[in-house]
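A short write-up of the structure that comes next.
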Amino acid sequence: MICLGIESTAHTFSVGIINGDKIIANVRDMYVPEKGGINPLDAKEHHVKLKEKILDRALADAKIQIEDVELFAYSAGPGLPPCLKVGAQFAEEIAKNKPLMAVNHGVAHIEIGKLMCGCNDPIAVYVSGGNTQVIGYASGRYRVFGETQDIPIGNAIDVFIRETYGKDKKAETFGGPAMEKLAEGSKYIELPYVVKGMDLSFTGITTAAIQKWSKASHEMRPTILRDLCFSFQETCYAMLTEVTERALAHTSKNEVLLVGGVAASKRFREMIEIMCQEREAKAYTCPIEYSGDNGVNIAWTGLLMHRAGVKPIKKVDYNSLWRTDQAEIKWMK
Ligand code: AMP
Ligand code: MG
C-alpha cells in the first residue's frame, strides 16, 4: 500500500512516501531564521511557499502520480498552530476522497526509530530542539515516564551556544554540533544537576553556564568555553541517562531507542550504551536522516494506524498540545 505523509509541525515542511515498509521518497526543507528562534508566522510562510514544490519533488522521486497514493497521513500535533494548519489543509486538499490519518508527531518519531533499528518495545528517549521525553509503551499508550519541566535539551544547548560561542557570529547555527566540537575541555565545572523524581530541568544549567562564561575575562573565555561545553554535556546527558535507566528498571524492558536531533550526540550515545551494557539491555539510535522531522515518519505511522483498523478522519483538525501519551496506540500488544 502506498502512503504519503506530510510533516509541518515546526521548522520543517516535508513529504514522505512509502510503499509498504519501503521508503520511496523523503523530501524536506527546513526554515532557518536569520536571527533568534523560530517565528511561527515566518515558518508558516515558508511552508506555504514550498508545499507544492516539495510534493512534486516527492512524487517525482517516488516515480508515481498523486492518483497512485492509496492512503494519506499528516502530522496533527503537537506543534506550532500556524504551521500545523498549513499541513492539515494541504493534506485535505490533496487527499480528496481518499482515506486520511491524523498522526501524532511524537509517536511518529518513535515508530520510525523502531522500524529503522528493528527494535520492538523500547524505552524511547525523544530528545530534540522542541522535546525531551522518556517514553515507554504500556496498556494502549506510549506513557511518558519522565520529561523536561521547562526547556527541551536541544533548546538548552542551542541557547548556550548562541549566547557564548555564537555571540559575534552572524549565522544562526544549531548548537549541538558546535558544542560537540568544543567539548574537548578537560576540567569539569560544577553545574546544576536537576532531576526531580523522573523529570528534568535544563534552564538552571543554561543560565549558570552562560553566567560563568560572561564573568570570565576575554583571554580566558575560549578555555572556559571548552570546559563549559564538556561539563554541560556531561551533566545533561548524565541526567537523561539516570532517568532512562530508572524507566528501564521500572518497566523491565530491555531496549533503549534514541530519537530526535540530540540523538546525534556521540557522548550521549556512549553514556546510554554503557548504561545498557551494565543492565544487559540493547541501545539503538535512529539514523540521522529519519531522526529529525520528516514526512516518512508520518507516512509510516499512518500506515500502522490503517493496518490496525484505525478509522480515517472525517474532518481535518490539529491540536498544538497533543501529547505523545494522549494518542491511542492500536498496533502494539
Ligand atoms: P530536531 O528538533 O529533532 O530537528 O533536532 C534539532 C536539535 O538537535 C537542535 O537543538 C540541535 O542543536 C540538536 N543537535 C544536533 N546535532 C547534535 C549533536 N551532535 N549533539 C547534540 N545536539 C545536537
Ligand atoms: Mg520532532
Side-chain angles (χ1 to χ4, degrees), residues 5-14 16 26 28-33 36-38 43 74-80 83-84 87 103-113 124-133 135 142 147-148 151-166 171-184 202 205-206 229-241 257-272 285-298 300-301 320 322-324 327:
I6 296 171
E7 162 60 41
S8 75
T9 53
H11 46 42
T12 298
F13 192 90
S14 170
N26 185 23
R28 56 201 158 131
D29 196 283
M30 188 165 150
Y31 155 75
V32 183
I38 300 182
Y74 71 102
S75 191
L80 305 169
C83 299
L84 286 165
V103 172
N104 179 283
H105 178 89
V107 169
H109 272 294
I110 301 171
E111 289 305 341
I112 199 73
V125 186
Y126 176 21
V127 277
S128 69
N131 293 276
T132 302
Q133 291 184 325
I135 304 163
Y142 280 118
E147 64 190 317
T148 179
I151 57 171
I153 173 71
N155 189 223
I157 294 171
D158 294 344
V159 169
F160 173 69
I161 290 296
R162 193 162 64 224
E163 294 299 315
T164 56
Y165 175 72
E172 179 83 5
T173 46
F174 268 151
M179 179 174 277
E180 194 157 54
K181 258 195 227 135
L182 289 162
E184 54 194 26
F202 298 105
I205 185 167
T206 308
C229 284
F230 166 73
S231 311
F232 202 102
Q233 290 199 155
E234 293 302 303
T235 310
C236 293
Y237 298 153
M239 285 161 55
L240 281 159
T241 305
L257 171 67
L258 301 185
V259 299
V262 182
S265 163
K266 288 190 201 77
R267 181 61 181 138
F268 185 35
R269 276 149 65 163
E270 185 180 39
M271 277 195 204
I272 290 285
T285 304
C286 183
I288 296 299
E289 199 186 346
Y290 300 103
S291 76
D293 293 351
N294 67 77
V296 168
N297 296 2
I298 308 304
W300 172 239
T301 310
S320 64
W322 192 17
R323 285 173 56 89
T324 312

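First listed ligand is number 1; within each ligand, the first listed atom is number 1. Side-chain atoms are counted along with the backbone in the values below, which use heavy atoms only and exclude waters and symmetry mates. Predicted model, so just to flag it, every value in this text is computed and none were measured.
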Specify the protein heavy atom at minimum distance from atom 10 (O) of ligand 1: its residue, its atom name, and the distance to 0.1 Å.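 Going atom by atom, the protein heavy atom closest to atom 10 (O) of ligand 1 ends up being Asp158 OD2, 2.7 Å.
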Residue, atom name and distance, where the atom is the protein heavy atom closest to atom 22 (N) of ligand 1: Gly176 CA, 3.3 Å
Contact (N/O only, under 3.5 Å) between [X] and ligand 1:
X	value
Val127	no
Gly154	yes
Asp293	no
Gly261	yes
Glu180	yes
Gly129	yes

Give the numbers and elements of all ligand 1 atoms closer than 4.0 Å to a heavy atom of His11.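 In order of numbering, the contacting atoms are 4 (O).
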Using a 4.0 Å cutoff against the non-hydrogen atoms of Tyr237, which atoms of ligand 1 qualify? 21 (C)
Atom of Asp293 closest to the Mg ion (ligand 2), considering N, O or S atoms: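 The Asp293 atom nearest to the Mg ion (ligand 2), restricting to N, O or S, is OD1.
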Strictly under 6.0 Å, is that where the ring centroids of Tyr126 and His109 end up?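 Yes, ring centres under 6.0 Å apart.
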Is there a donor-acceptor contact under 3.5 Å from the side chain of Asn294 to the main chain of Gly292? yes
Return the minimal non-hydrogen interatomic distance between Leu84 and Ala76, and the atom names on each side.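 That would be CD2-C, 3.8 Å.
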Take the Mg ion (ligand 2) as the vertex and measure to NE2 of His109 and NE2 of His105; round to 10°. 80°
Within the structure, is a non-hydrogen atom of Tyr126 found at a distance of less than 4.0 Å from ligand 1?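 Not so, Tyr126 does not reach ligand 1.
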